[in-house]
Structure formats: structure tokens, C-alpha cells
Amino acid sequence: VVGPCAACKILRRRCEEKCILAPYFPPNDPFKFTTAHRVFGASNIIKFLKELPEEQRPDAVSSMVYEAKARLRDPVYGSAGAIFQLQRQVNELQEQLAKARAQLVNIQCQNDSLLALVFMDRVDDNVNDDPYFYCFDDHSAGASFFDDGNVG
């Protein structure tokens, strides 16, 4: 025989065989019921659970406990305050990501410009030395430079 559920134990009442609270507030977790009871009250919890189909009750209890914990932390906004704070963090992180991506594009453009300058210097240096510089074959430095994907 299992003892009374946490709700009946806290309310100091006899836990009936078909106690509506027993499946959701086990005797080994009294804090769960205490939290929900402080914010919603036992009669409101029971009334709410009776109005719901059985398959929706576990999620409803979970939501009530979550909201009760949030209300105890932030009595004015509850879980809405936590959601607002998380949305603000997401927006800030999206801004940081956009800035980082812009910096990355800027650095890539600078890198491409530097590579183009270095390549142009090499072309200017080699034009007078090698009349066949522009004729790249598979063995020349220029062909492997482009084949390796080093230039955007």
C-alpha cells in the first residue's frame, strides 16, 4: 500500500483511491505540489484538472508547476518575463552574429584584395622576364594557384 500523494499529505486529507491529484503529485515530490498550490490553490488545480481530458492533464500539471515557479521568482510577469528576457537575448545574439558575418565578409574582401595585389605584383615582375607567363599549363604555379581555390 502506497501512502497518500503529496497533495493529500500537504492538505492533510485522506487520499482516495481515485484521487485526481495522485498521478501528478507523487508522495516523493512534495515541492511540486507546494509550488503549484501556493500560486493557484488546491481547489483551482482540482477544478482545472477535472475540466481536462486525462491525456492533457500531465502537460497541464507540468505547465502549472512551471508557471508557479516563474511566478514565485517574478510575481509580476511570471513566465512571460522569462520569455521576454530570452527573446531579448536571442535578438542580441542575432545582432552579434550579423556583425560577425559582416566582419568575416570584410576580412575576406581584404584578403582577396591583398591576393590580387600580390598576384598583380608577380605579373608585373614576370612580364619582362618570361614572355610565356600568361600561358598556364598544369605544371605552372599560376594554374595550381587557381585550381586550389585560393582566389574567390
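Once rounded to the nearest 0.5 Å, the distance linking CG of L21 with CD of E16 reads 10.5 Å. Remark: D29 CG to Y24 OH distance equals 15.5 Å, nearest 0.5 Å. In this structure, CZ on R101 lies 12.0 Å from CD on Q108, to the nearest 0.5 angstrom. Here the OG1 atom belonging to T34 is positioned 11.0 Å from the NZ atom belonging to K9, to the nearest 0.5 angstrom. Interatomic distance, CG of N111 versus CG of L104, reported as 10.5 Å (0.5 Å rounding). Rounding to the nearest 0.5 Å gives a distance of 12.5 Å between NZ of K47 and CG of L49.
Within 6.0 Å of CD on Q56 lie more than 12 heavy atoms contributed by other residues, nucleotides or ligands. Around atom CD of E55, more than 12 heavy atoms belonging to other residues, nucleotides or ligands sit under 6.0 Å away.
Taking all atoms of both residues into account, the shortest heavy-atom contact from P4 to P27 is O-CB, 3.3 Å. Across G78 and A70, no two heavy atoms sit closer than the pair C-CB, 3.5 Å. In this structure, P26 and A6 approach most closely via the heavy-atom pair O-CB, 3.2 Å.
I45 places a side-chain heavy atom less than 4.5 Å from the side chain of F25. Side-chain contact between M64 and V39 is absent, with no heavy-atom pair separated by less than 4.5 Å. Taking the side chain as every heavy atom from C-beta outward, N44 and F48 never approach each other to under 4.5 Å. No side-chain heavy atom of V61 sits less than 4.5 Å from a side-chain heavy atom of Y66. Inter-residue side-chain proximity for V105 and C109 is flagged as met; some heavy-atom pair is nearer than 4.5 Å.
For R57 (side chain) and L52 (main-chain N/O), a donor-acceptor pair under 3.5 Å exists by modelled atom type. Between the side chain of S62 and the backbone N or O of P58, no donor-acceptor pair lies under 3.5 Å. When atom types are taken as modelled, the side chain of R71 and the backbone of V76 share a donor-acceptor pair closer than 3.5 angstrom. With hydrogens and angles ignored, the 3.5 Å screen pairs no side-chain donor or acceptor of R13 with any backbone N or O of C8.
Judged as a side-chain contact (heavy atoms from CB on, under 4.5 Å), and not counting sequence neighbours, the contacts of R88 are F84, Q85, E92.
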Exercise for review: Please test F33 against V65 for side chain to side chain contact (heavy atoms under 4.5 Å, CB included), starting from the C-alpha separation and ending with a verdict.
Suggested key: CA-CA 8 Å; F33 179 75; V65 171; over 6 Å; no
